[in-house]
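Take a look at the structure set out below.
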Amino acid sequence: VQLQASGGGTVQAGGSLRLSCVATGRPFRSYAMAWFRQPPGEERELVAAMSWSGGSTNYADSVKGRFTISRDNAKNTVYLQMNSLKPEDTAVYYCAAPDVIFSDYRVRYDYFGQGTLVTVSS
């Protein structure tokens with residue numbers, strides 16, 4: 001599977017961005033999807049995840065109520081809508097997919113895209 005993320009950029013605190021990730025190489029609708037991020041000098045962390053059906057989602061506590069993950073199976077695309085951005089949201093954001101088909105979001109993510117940089121200025 002190939003994952004191509006886009007939509008990053010620089011935004012002021014309080015602003016919004018929407019990240020997109022197009023997945024190719026296998027049936028998109030059959031797999032859970034997730035977004036991770038890696039702040040400068042820190043470890044990569046899970047931000048949001050969605051089951052293959054879209055029926056369940058999970059968010060890091062730090063982004064609950066501000067970020068929303070969604071998917072459009074017709075476009076083979078997963079999105080991350082980010083509102084009320086804070087300087088601590090600054091990171092490289094990666095979309096990710098598992099190797100296991102028809103899984104819940106509680107799964108190991110085996111494939112990562114190239115990342116898109118989000119910078120939030122104060």
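Values reported hereafter were calculated over all heavy atoms of this structure, with side chains retained and with hydrogens, waters and symmetry mates removed.
- For R71 and Y79, the positive end is not near the middle of the six-membered ring at less than 6.0 Å and at most 45° from its axis.
- Here the straight-line distance linking atom CE of M33 with atom OG of S70 works out to 11.5 Å at 0.5 Å rounding.
- No side-chain donor-acceptor contact under 3.5 Å links T68 to the backbone of Q81.
- For the side-chain contact (heavy atoms from CB on, under 4.5 Å) test with D110, the passing option among V1, V100, D99 is D99; the others fail.
- A salt bridge links D61 with K64; the closest basic N to acidic carboxylate O contact falls under 4.0 Å.
- Between A48 and L80 the shortest heavy-atom distance is CB-CD1, 4.0 Å.
- Side-chain contact between T116 and V92: absent, with no pair of heavy atoms (C-beta onward) separated by less than 4.5 Å.
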Report task. Determine, stepwise, if the pair V47 / F36 fulfils side-chain contact (heavy atoms from CB on, under 4.5 Å). Result -> CA-CA 5 Å; V47 175; F36 288 72; 5.5 Å; no

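- Heavy-atom minimum distance, L19 versus M82: CG-CE, 3.8 Å.
- A 4.5 Å side-chain heavy-atom check between Y111 and Q2 finds every atom pair outside the cut-off.
- With a 6.0 Å cutoff to the six-membered ring centre and a 45° limit on the axis angle, R37 does not count as a cation-pi contact of Y93.
- A cation-pi arrangement is present between R26 and Y31 under the rule of less than 6.0 angstrom and at most 45 degrees off the ring axis.
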Requested in this report: Give the C-alpha distance, both sets of side-chain angles, the deciding distance and a yes or no for side chain to side chain donor-acceptor pair (under 3.5 Å) between S56 and D104.
Outcome: CA-CA 7 Å; S56 59; D104 186 64; 3.1 Å; yes

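- For the pair C21/W35, a side-chain contact is recorded, criterion being any heavy-atom separation below 4.5 Å from C-beta on.
- To the nearest 0.5 Å, atom OH of residue Y105 and atom OG of residue S53 are 11.5 Å apart.
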Requested in this report: Quick one: do N58 and L46 satisfy side-chain contact (heavy atoms from CB on, under 4.5 Å)? Show the steps, please.
Outcome: CA-CA 9 Å; N58 183 54; L46 178 67; 4.1 Å; yes

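- Of the possible donor and acceptor atoms, none in the side chain of Q114 sits under 3.5 Å from a partner among the backbone N and O of Q4.
- A perpendicular orientation is assigned to the rings of W52 and F102, their planes being inclined by more than 60° (bins at 30° and 60°).
- When all heavy atoms of D89 and S84 are compared, the closest pair comes out as OD2-O, 4.4 Å.
- Considering all non-hydrogen atoms of both residues, P40 and T90 come closest at CD-O, 3.7 Å.
- Closest approach of S30 and I101 over heavy atoms only: O-CG1, 3.4 Å.
- Partner of L17 under the side-chain contact (heavy atoms from CB on, under 4.5 Å) criterion, chosen from N83, T119, V118: V118.
- A32 and Y109 get closest at one heavy-atom pair: CB-OH, 4.0 Å.
- Counting only heavy atoms from C-beta outward, the side chains of E45 and Q38 never approach each other to under 4.5 Å.
- Put simply, CD on Q12 and OG1 on T10 are 10.5 Å apart, with the number rounded to the nearest 0.5 Å.
- Following chains of ILVMFWY side-chain contacts shorter than 4.5 Å, one can reach F67 starting from I69, so the two form part of one hydrophobic cluster.
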